[in-house]
Every structure is written in structure tokens, then in C-alpha cells.
Amino acid sequence: MSLEIDGIGISFGGIKAVDDVSFTAKPGEVTSIIGPNGAGKTTLFNLVSGVYAASAGRVRIDGKDVTGLPAHALARRGMARTFQNLQVFPQMSALDNVMTGCHMQEKSNLLADLLGLGPARRETDRSRASAMAALERAGLAELAHRPASEMSYGQLKRLEIARALVTGCTILLLDEPAAGCNAVETREVDDLIHAIADEGKTVVLIEHDMRMVMRISSHIVVLDQGRKIAEGGPEDIRTDPHVIAAYLGAHGAAEAEAAAHA
Amino acid sequence: MAGQGTTTDVAPAGTGRREYSKSEGAGRRRIGPGLRTFLIFVALVALGALIFPSSYFYRVGTLVWINTLAVTGIVVLLGYVGLVSLGHAGFFAIGAYVTAIGPNYGIPSPLAMAGGVALAGLLALIVGRPILKLSGYYLAIATLGLGMLIWMVLSKEAWLTGGPDGMVVSGMNARNLFKMVGLSLKSAEAWYWVAGLVAAIGAAIAVNLAGSPSGRALRAIHDSDVAARSLGVDVAKAKSRAFVISAIYAAVAGALLALANGYITPDTGGFMHSVEMVTMAVLGGAASVYGALVGALILTALPQVLTVFADYEHMVLGGIMVLTMILMRRGLVPFIADLWNRRKS
Amino acid sequence: MSELLQFLISGVTVGAIYAAIALGFTLIYNASGVVNFAQGEFVVIGGMTAAALIAAGVPVILAAPIAVVAGTLVGILLYRLAIRPAGQAPLVTLIIITIGASIFLRGAMQAVFDKQIHRYDGFSGDAPLRVGGATILPQSLWIVGGSIAVFAFLAWFLNRTRAGRGIKATASNRMAAALVGINTGRAMNLSFALSAGIGALAGVLATPVTFTSYDVGVLMALKGFSATMLGGVGSPLGALAGGLLIGLIEALTAGYISSDYKDAAAFIVILLVLFLRPQGLFGARIVERV
């Protein structure tokens with residue numbers, strides 16, 4: 001399903017953290033949001049996924065207006081996300097973390113859950129199977145029974161992806177999925193995101209690793225100080241003078257060079 | 001770990017839960033985790049019956065199981081979801097008083113008991129829903145007020161409740177239940193078994209919940225409200241369910257106390273009783289039913305032995321709460337389990 | 001008419017006490033994000049200490065300040081021994097710690113003093129003044145004056161002094177405050193000390209009218225919460241207005257409905273506020289510390 005963002009904005013104490021941002025993310029594609037620190041990328045995710053209430057603009061899924069719906073209702077319409085500052089369930093095992101992502105598919109009722117009746121067990125078995133499959137996909141199968149609190153940052157990033165995947169989402173918002181990953185892991189995350197998009201899901205990505213962004217994005221939206229300053233394919237963005245001034249220029253030549261050689 | 005953990009707190013602990021996921025990892029399930037907990041509890045009830053030398057011990061034992069049951073409700077609310085109620089004694093007292101008042105108006109005890117439990121659940125539903133949309137502080141404050149209101153009604157409406165002096169509970173005796181199946185027990189023994197069995201059922205239900213779809217949603221809210229929402233969990237609704245469930249636990253425990261004691265006072269609904277329940281959960285470890293049992297056992301049995309407890313009850317309870325939170329935030333059972341595991345490895 | 005006036009006078013008197021408690025809550029909440037359930041105990045510490053000293057023959061003019069200092073010290077100890085060691089603890093932990101502390105202090109009060117109900121003579125005697133058919137105790141004027149003084153002091157302190165601005169900065173963004181060189185630990189310490197001192201002062205002023213005993217702290221805290229919620233969490237003006245309103249509602253309930261249930265009024269107000277207007281009259285909602 002396509003995700004349309006139309007003139008969305010929010011201000012905190014008079015400062016416009018996100019201001020009149022519009023773009024459309026299409027199914028089967030990776031749309032990346034880039035920009036310098038404090039550009040409002042994560043705030044944009046929080047607006048789109050219902051964590052914050054937007055003070056202006058609309059969000060549409062496949063043309064249907066979903067602006068202002070609470071986060072759980074958006075999840076029910078197929079939107080899943082990961083978090084920049086990790087929101088895992090540290091007290092649970094990796095497996096239980098991902099099984100929680102199956103919440104919307106689980107059909108058992110409260111009574112069955114309390115009495116440990118057949119339906120509750122069957123749903124749990126089914127959730128466990130799909131959670132294991134997702135862990136496998138994220139390369140975390142061996143850690144399934146490890147408490148999340150004992151996993152590394154990069155592993156937790158992938159745990160969140162696995163958890164988002166089992167929700168059966170059609171739109172996936174990924175907030176810096178490769179942060180804290182080494183080169184090999186980054187490559188794995190990269191492949192995973194590719195594969196997710198190839199399944200026809202709409203992927204929206206926030207990422208600082210320019211190499212990765214340039215490699216896997218079909219479409220890039222550049223934010224600076226809460227506003228969209230450019231939008232287009234990787235080639236357009238690489239050569240856009242505004243972007244170079246606002247982002248790459250300020251950040252030094254190294255990243256620009258990395259991007260050029262990607 | 002003391003005092004600096006950023007994520008740990010009164011939280012899903014080892015014991016019950018870790019065993020649970022292990023047993024499932026194996027894929028075969030001869031005995032479900034709920035049934036296993038039930039059997040362990042029944043074994044402990046039987047152990048008590050084997051070693052108790054007098055009726056006095058049975059009476060204290062009965063109190064331990066009744067408290068365990070009520071605290072299991074706190075475990076669901078505090079340990080699973082991470083919400084504090086300061087008015088659970090109110091629900092406890094509703095269960096107790098409706099059970100006590102019913103027979104005076106020709107309603108048989110079992111029916112009155114069911115009515116009391118239903119009333120407590122309904123009240124929790126009505127009061128909880130709007131409050132649980134807000135931050136955790138609001139529930140603590142609102143339940144504090146609700147508990148006081150209930151206590152006030154019980155103390156002032158003497159025509160119905162006997163006022164501050166309390167009232168006699170007429171009605172059923174557990175002995176008769178056992179007579180029906182051909183067992184002849186003393187009254188104190190009979191109530192001990194009833195309370196123990198009900199506590200065992202309550203524990204089994206709480207364990208079932210923890211490993212079920214609904215339970216995972218609750219535990220998710222405990223760890224990250226935001227993430228739970230992003231996975232489609234209706235947080236306000238889930239919290240409201242947990243609140244109602246825990247109120248029902250308290251009400252059943254209250255009804256049992258009324259019947260077993262034959263006498264109740266408004267203090268069963270007082271603020272200090274609410275605090276006592278929370279302290280039991282916090283001390284034992286709010287994340288598991290075993291924590292509920294250990295907390296209830298210690299804080300029910302100790303005052304029988306130590307007179308200092310009666311003289312300085314407040315200081316002891318308050319001190320336990322603060323120290324447990326600072327030194328072993330997850331409570332005694334997980335704390336000891338950790339020590340044990342560390343020694344083994 | 002004179003009956004109504006009488007109720008209003010007593011409503012304003014107790015309302016001023018609740019307002020002072022609510023101001024204490026607001027101060028700590030603003031500085032640290034902690035809702036301090038032990039706030040009511042400071043009121044009791046103030047009242048009981050003053051009562052004990054006065055009974056021992058210490059003149060009021062000495063006993064009152066000593067009681068306030070005692071409350072302030074307990075507030076500092078509370079922060080140092082119970083709140084600070086918990087570090088950046090989750091909300092549940094902080095709630096349980098402050099409740100535990102409140103129960104502990106209640107027990108300590110019972111151990112240090114006794115279980116009796118205490119009062120002492122009003123500062124300016126107990127001869128009622130006549131005002132248009134109603135009577136007013138001179139102590140009521142002390143109470144109302146005290147609350148207004150506390151409010152004015154806080155307004156001056158938070159806006160005009162360096163230490164006070166430190167508290168405000170810590171409240172709005174602890175990390176940023178630390179970065180610009182504000183000692184946030186000191187700001188938290190100060191807010192607990194001040195808020196405890198304010199609570200104790202309320203206790204010292206109120207005891208001649210309301211009496212005190214070791215176990216009234218929770219009820220005081222509940223009334224203070226109600227006032228805070230009604231006015232709007234985090235707003236000092238809201239705390240003042242909320243306190244007076246709760247006092248008036250309570251006095252009118254006692255006068256016209258039932259004195260048995262006057263304490264219920266505060267709770268009913270809490271529930272109505274939560275159902276209808278969770279942000280209170282003037283403020284923002286309590287936001288969880290994340």
C-alpha cells in the first residue's frame with residue numbers, strides 16, 4: 001500500500017520541528033529520509049505512526065485518510081515501525097519480543113488465555129512458529145531464548161525489524177536500522193531491507209549510512225531544519241546543490257566521497 | 001545492579017516465566033505451565049497440612065493463602081503491566097462485605113460471593129477505563145481516593161455494615177463442602193484447604209495469562225508502552241482488563257476472608273491494607289506468582305512471631321518498600337534466583 | 001446567608017492549607033518529574049513537632065520555625081536516602097518509593113511522638129472575630145496569609161533568584177540545564193527541601209484549627225493531589241486556585257450534604273476531573289518520565 005504524506009507539520013513550544021513535509025512512498029520501493037542531525041526525521045516518523053498528533057497536514061494509506069488515528073489503530077491498518085532509541089521489551093526473551101508482534105493475528109479471547117484453553121495454546125504455537133521464522137530471517141535464530149537485555153545494540157536493531165515484520169505490515173518505517181552494526185551486519189540488514197521491499201511492502205527508511213541509502217533507495221527525501229529541501233532518485237540527490245550545501249557540505253567530504261563510490 | 005539499572009524494576013522475573021519458555025522451546029507439552037503451577041501450589045498446601053501442629057497454624061496458613069491470592073492480583077497489575085494501585089483493599093472489602101451482607105437479606109453465601117466479585121470487577125471497569133488512558137501516576141492517585149471512599153462508606157453506613165466495629169458473617173462453613181465428599185475436617189483445616197486450593201487456581205490462571213497472547217501484550221506495555229502501541233496493542237483496553245482482573249482477585253480473597261474469619265471490619269478496606277498488599281508483591285517480586293507467595297508468607301507469618309512488627313508496623317512496611325526498590329528492585333524471589341544461578345555458573 | 005458565609009470562611013481556611021500542600025507537589029514535580037506521595041507527611045511532621053515543643057513549654061515563636069526546619073531536613077533526607085539512590089528509575093519504582101517513604105514517616109511519627117490527636121492555641125489566641133453574622137478564627141487569617149506568602153515567595157524565588165531559575169531550567173530540560181552548568185542535583189535537593197518546608201509550615205499553621213495526628217498525612221496528600229489536579233499539574237497558580245476550590249467544595253459538602261462524607265468531596269472532584277478534563281483548569285497533563 002502506498003503511504004502519502006501531505007503537508008504534515010508539528011511545533012514544540014513555538015519551534016516548528018517538522019514543517020509542511022509532503023512525499024509519497026510506493027509499494028515495493030525503499031523511500032529514504034535523510035538530513036543532518038536534528039532535521040526532524042524521527043519526529044516525522046513519530047507523526048506518521050501516531051506517536052505525536054500532527055498540528056497540520058494529512059497522512060493517507062492508499063488514499064484513505066488516517067490522520068490522527070492512534071498508534072495501535074495505524075498498526076491495524078498495516079503500519080509497523082522500528083525505533084531510533086530502541087523500544088524493545090528488555091525483560092522478555094528475543095522470541096517473546098517477536099511473538100508480541102503477532103498480537104494482531106492472535107485470535108484467542110481473554111477467557112481462553114486465562115484458563116490456558118486450546119485456542120490460547122494454538123495461537124501461541126502459531127505465533128512462536130512465525131516469530132522463529134522472522135528471527136531466522138533477521139539472523140537471530142540462535143539468540144531466540146536469550147533475554148533481550150543481554151543482546152548487543154546491532155542485534156536489538158534487527159530484533160525490532162523482526163518484530164515489525166511479524167505484524168504482517170504492508171508499510172514499514174525503519175529508523176536507523178543499521179546503527180551500531182559492523183560492516184558485515186550492515187550488509188545483512190541491507191539485504192533484508194531489499195528483500196522486504198521486493199515482497200511488495202512499502203519501506204520508509206531513516207539512515208545515516210549514505211552508502212546504504214544510495215545503494216537501496218528508489219526515492220530519497222531530504223529534510224533540513226524540519227523542511228523538505230529536496231526529493232528524487234539517488235542520482236538527483238547526490239548532485240543536488242541544496243543537499244550538498246545543507247547536508248554533505250556541512251558534514252565533510254568523507255561521506256560525500258563514500259556516497260560517490262557506493 | 002542495585003540502584004542504577006535503567007530498565008530493570010519490579011518486572012518480569014525469572015522463575016515462572018523462564019521455565020515457561022524453556023518448556024515450550026522443547027516443543028512438547030505434557031503438562032502446561034498453568035497446571036504445573038497449580039500442582040506445585042497444591043503440594044505446598046499439603047505440606048502445610050502435614051506439619052501444622054494446631055488450629056492456630058491452620059488459621060495463619062489460611063491467611064497466607066488468602067493474601068497470596070490477593071497479591072497475585074497485584075502481580076498481574078504491577079508485575080505484568082507496571083501499574084500501581086493504592087486502593088486494592090477497597091475491592092477486597094467489597095468482596096468481603098457483599099459476602100457478609102448477602103445472607104442478612106436472604107441471599108445465600110455463594111451467590112453473595114459471586115455478586116461481590118462481580119461488583120468489584122464492574123467498579124474497576126467503570127473507574128479504570130478513563131483513568132488508564134493517562135499516565136501511571138493517575139491510577140495510583142485515583143485508586144488511593146477510591147479506596148478511601150469505599151472505606152468511608154463501610155465505616156459510616158452502620159445500618160448496612162455494622163460501622164467501625166465491623167460485622168459478623170453468617171453463612172457457609174467449609175466443613176460442609178468436605179462432608180459432601182465424605183471427608184471430616186475441623187473447620188480451621190477445611191478453610192485452610194479451601195483457601196489453598198483457590199490460591200492455587202488463582203496462581204495457575206495468572207501463569208496461564210503470562211504466557212498467552214493477552215499476557216504478552218500486558219508485559220509488552222510494562223516494558224515499552226510506545227512499542228506495544230506500534231504493534232497494534234490497544235494499551236488503554238489492555239490495562240483496563242488487567243485492572244479488572246486484579247480487582248477480581250482481591251474481591252475473591254476478601255470473600256474468602258469474610259467466610260473463613262466469620263467477622264470483618266472496615267479496616268480490611270483501609271489504606272494500610274492496600275499498602276500491605278503492594279508491599280507483599282514488591283518484597284517477594286511482583287513479576288511472578290511465587291513472588292506473591294513468598295511476600296505473603298513473610299509479611300503474614302512475621303507479625304505472628306515478632307512483636308516489634310506490631311509496634312512498628314508502618315516503619316517496617318515502609319522501610320521494606322523503599323529498601324527493596326533501591327537494593328533489589330525485582331524483589332526477593334528473582335534476587336535469590338540470580339544469586340543461585342551465579343553460584344552455579 | 002450568614003450560614004453560607006460561615007461555610008465559605010471555613011472553606012477558604014482549609015483550602016489555603018490544601019493550596020500550600022499542592023504548591024509543594026508542584027515544586028517537586030516541576031523539578032524532578034516525581035509525584036511525591038510523601039508530601040502529606042511533611043504537614044504532619046510540622047504539626048506534631050510544633051505541638052510537642054509547645055507542650056514542652058517552648059514558646060510558639062521558637063517552636064514554629066524549629067518545626068519547619070525539622071520538616072525541611074526530613075525532605076532533604078528523603079531525597080538523599082530514597083529518591084537519589086534510585087537513579088533514573090522507572091515511574092513505578094518512584095511511585096513505590098515515595099509511598100514507602102510516606103508509610104515509613106507515618107510510623108516514625110508514631111514512634112517519636114504518639115498516637116494521640118494534638119493541637120495548640122492559635123498564634124493570636126482563639127477568640128473568634130465577628131464578620132457580618134459569621135465568625136472567623138484569628139488563626140484562619142494566619143493560614144490564609146501563610147499560603148499567600150508561600151505563593152508570593154515561590155513566584156519570587158523561581159523567577160528572580162539564581163537557584164530558583166536553576167530549578168525551572170532543570171524542570172524544562174535536565175540535560176540542557178546540566179550542559180549550561182546548572183547543578184541539577186542541587187536543584188532537585190533544593191526543591192525537595194523547599195517543598196518539605198512548605199508542607200511543614202502548612203502543618204504548623206493549620207494544627208490549631210484542623211488538629212493533627214500521626215496518620216492524617218495520606219488524607220492531606222490526597223487533598224493536595226486533588227487540588228493539584230483540579231488546578232492543573234505543574235502550574236503554581238493552578239495549585240493555589242485548586243486548593244481553595246477543594247476547600248470550598250469540602251466545606252459546602254460538610255455544611256449542606258453530610259459532614260460524614262466531606263472527605264469524599266476531594267475524591268469525587270478527582271474522578272470528575274479525570275473523566276472530564278484531565279489537564280485540569282490551568283495546566284498540562286502529567287507526562288511520564290521517559
Side-chain angles (χ1 to χ4, degrees), chain B residues 2-11 78 81-84 86 127 129-131 133-142 144-149 152-153 155-157 222 225-226 271-272 275-276 278-279 282 286 311-327 329, chain C residues 29 33-35 37-38 78 81-111 214-215 218-219 221-222 225-226 228-229 233 258 260-261 263-264 266-271 274-276 278 285-290:
Chain B
Q4 56 168 355
T6 50
T7 50
T8 47
D9 62 334
V10 281
L78 174 61
V81 201
L83 290 169
V84 184
L86 295 177
V127 174
R129 202 59 209 270
I131 294 166
K133 285 188 194 137
L134 310 166
S135 146
Y137 278 124
Y138 286 103
L139 186 73
I141 296 167
L144 173 63
L146 179 65
M148 286 197 169
L149 186 66
M152 237 179 271
V153 172
S155 311
K156 317 255 167 174
E157 303 302 321
H222 181 287
D225 198 302
V226 184
F271 171 65
M272 279 314 292
V275 168
E276 209 174 62
V278 174
T279 313
V282 164
D311 299 341
Y312 297 101
E313 188 200 0
H314 295 96
M315 287 176 85
V316 173
L317 286 180
I320 287 176
M321 283 170 108
V322 175
L323 288 179
T324 312
M325 282 296 108
I326 292 173
L327 302 177
R329 206 173 278 171
Chain C
Y29 177 75
V34 175
V35 171
F37 282 83
L78 171 70
L81 300 180
I83 309 288
R84 199 170 62 182
Q88 291 286 69
L91 181 81
V92 204
T93 309
L94 290 171
I95 295 178
I96 293 173
I97 286 178
T98 62
I99 292 164
S102 122
I103 305 298
F104 181 85
L105 288 175
R106 173 200 274 232
M109 220 81 65
Q110 184 195 332
Y214 79 103
D215 60 352
V218 184
L219 206 58
L222 185 64
F225 282 134
S226 312
T228 313
M229 281 190 184
V233 177
S258 151
D260 275 354
Y261 286 103
D263 290 335
F267 170 62
I268 305 286
V269 170
I270 288 191
L271 271 194
L274 287 176
F275 278 53
L276 304 175
R285 289 181 186 188
I286 295 186
V287 184
E288 287 190 25
R289 221 169 104 173
V290 281

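The sequence lines fix the lettering, A, B, ..., with proteins before strands; numbering per chain opens at 1.
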*Can you sort out the partners of C:Y214 under side chain to side chain contact (heavy atoms under 4.5 Å, CB included), two or more places apart, ordered by chain and number?*
B:H314, C:M48, C:R106, C:M109, C:Q110, C:K115
*So, the side chain of B:Y138 versus the backbone of C:L274: is there a donor-acceptor pair under 3.5 Å, distance only?*
no
*Among B:R129, B:K156, B:M272, which residue forms the greatest number of heavy-atom pairs with chain C at distances under 4.5 Å?*
B:K156
_Interface moiety of C:D215 toward chain B, non-hydrogen atoms closer than 4.5 Å_ = neither
*For B:A140 and C:I95, which heavy atoms make the closest approach, and how far apart are they?*
CB-CG2, 4.2 Å
*Side-chain contact test, heavy atoms from C-beta onward, threshold under 4.5 Å: evaluate it for C:L271 versus B:I131 and give yes or no.*
yes
_Can you tell me which portion of B:V153 sits under 4.5 Å from chain C's heavy atoms? Options are side chain, backbone, both or neither._
both
*Heavy-atom distances under 4.5 Å only: say whether B:M152 touches chain C with side chain, backbone, both or neither.*
both
*If you look at every heavy atom in C:P90 and B:R329, which pair is closest and at what distance?*
CD-NH1, 3.7 Å
*With respect to chain B, which residue among C:L219, C:I99, C:D260, C:I270 yields the maximal number of heavy-atom pairs within a distance under 4.5 Å?*
C:D260
*Does C:Y261 have any side chain to side chain donor-acceptor pair (under 3.5 Å) partners at least two apart in sequence or in another chain, and if so, which?*
B:E157
_Largest heavy-atom contact set with chain C, pairs under 4.5 Å, which of B:L323, B:L317, B:L146, B:I320_ = B:L146
*Which heavy-atom pair separates B:Y137 from C:V34 by the least distance, and what is that distance?*
OH-CA, 3.5 Å
